[in-house]
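Worksheet: the structure to be examined is printed underneath.
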Amino acid sequence: MIRWKTPQDIKEQYMSASICSNNRVVFNIAGNKYRLVVEMQYRAGIVWVKFVGTHAQYDQFNVETVNEY
């Protein structure tokens, strides 16, 4: 089991992931056609999915405040 304790842990495994403020991380899926936005709770080991959708949909909101999935 992999446990990310810091943003650097994520970047080591997924170099294309974007580390954002508000504990948000953006993952590119299917050659950047889709985006997955999560909120990380590193101490608790919890990943909250905040958004899954197309790159075009992703461009319509603020990644730091989105709360829909």
All side-chain contact (heavy atoms from CB on, under 4.5 Å) counterparts of Tyr14, not counting sequence neighbours: Trp4, Ala17, Phe27

Tyr42: partners by ring pair (Phe, Tyr, Trp, His ring centres under 6.0 Å), with sequence neighbours left out: none

Heavy-atom pair of closest approach, residues Tyr34 and Ala30: CD1-CB, 3.9 Å

same_hphob_cluster(Ile29, Ile19) at 4.5 Å side-chain heavy-atom cutoff: yes

Considering all heavy atoms, the nearest Asn28-Arg35 contact: OD1-NE, 2.9 Å

Shortest non-hydrogen contact between Val66 and Arg24, atoms and distance: O-NH1, 2.8 Å

side-chain contact (heavy atoms from CB on, under 4.5 Å) between Tyr58 and Val63, worked out: CA-CA 8 Å; Tyr58 167 84; Val63 69; 4.0 Å; yes

Nearest non-hydrogen partners of Arg3 and Gly45, listed with the distance: NH2-N, 3.5 Å

Non-hydrogen side-chain atoms of His55 and Asp59 separated by less than 4.5 Å: yes

Connected via hydrophobic side-chain network under 4.5 Å: Ile2 and Ile46: no

Shortest non-hydrogen separation from Val38 to Val49 and the atoms involved: CG1-CA, 4.3 Å

Asn62 side chain to Glu64 backbone, donor-acceptor under 3.5 Å: yes

Rounded distance [0.5 Å steps], OG1 in Thr54 versus CD in Gln60: 8.5 Å

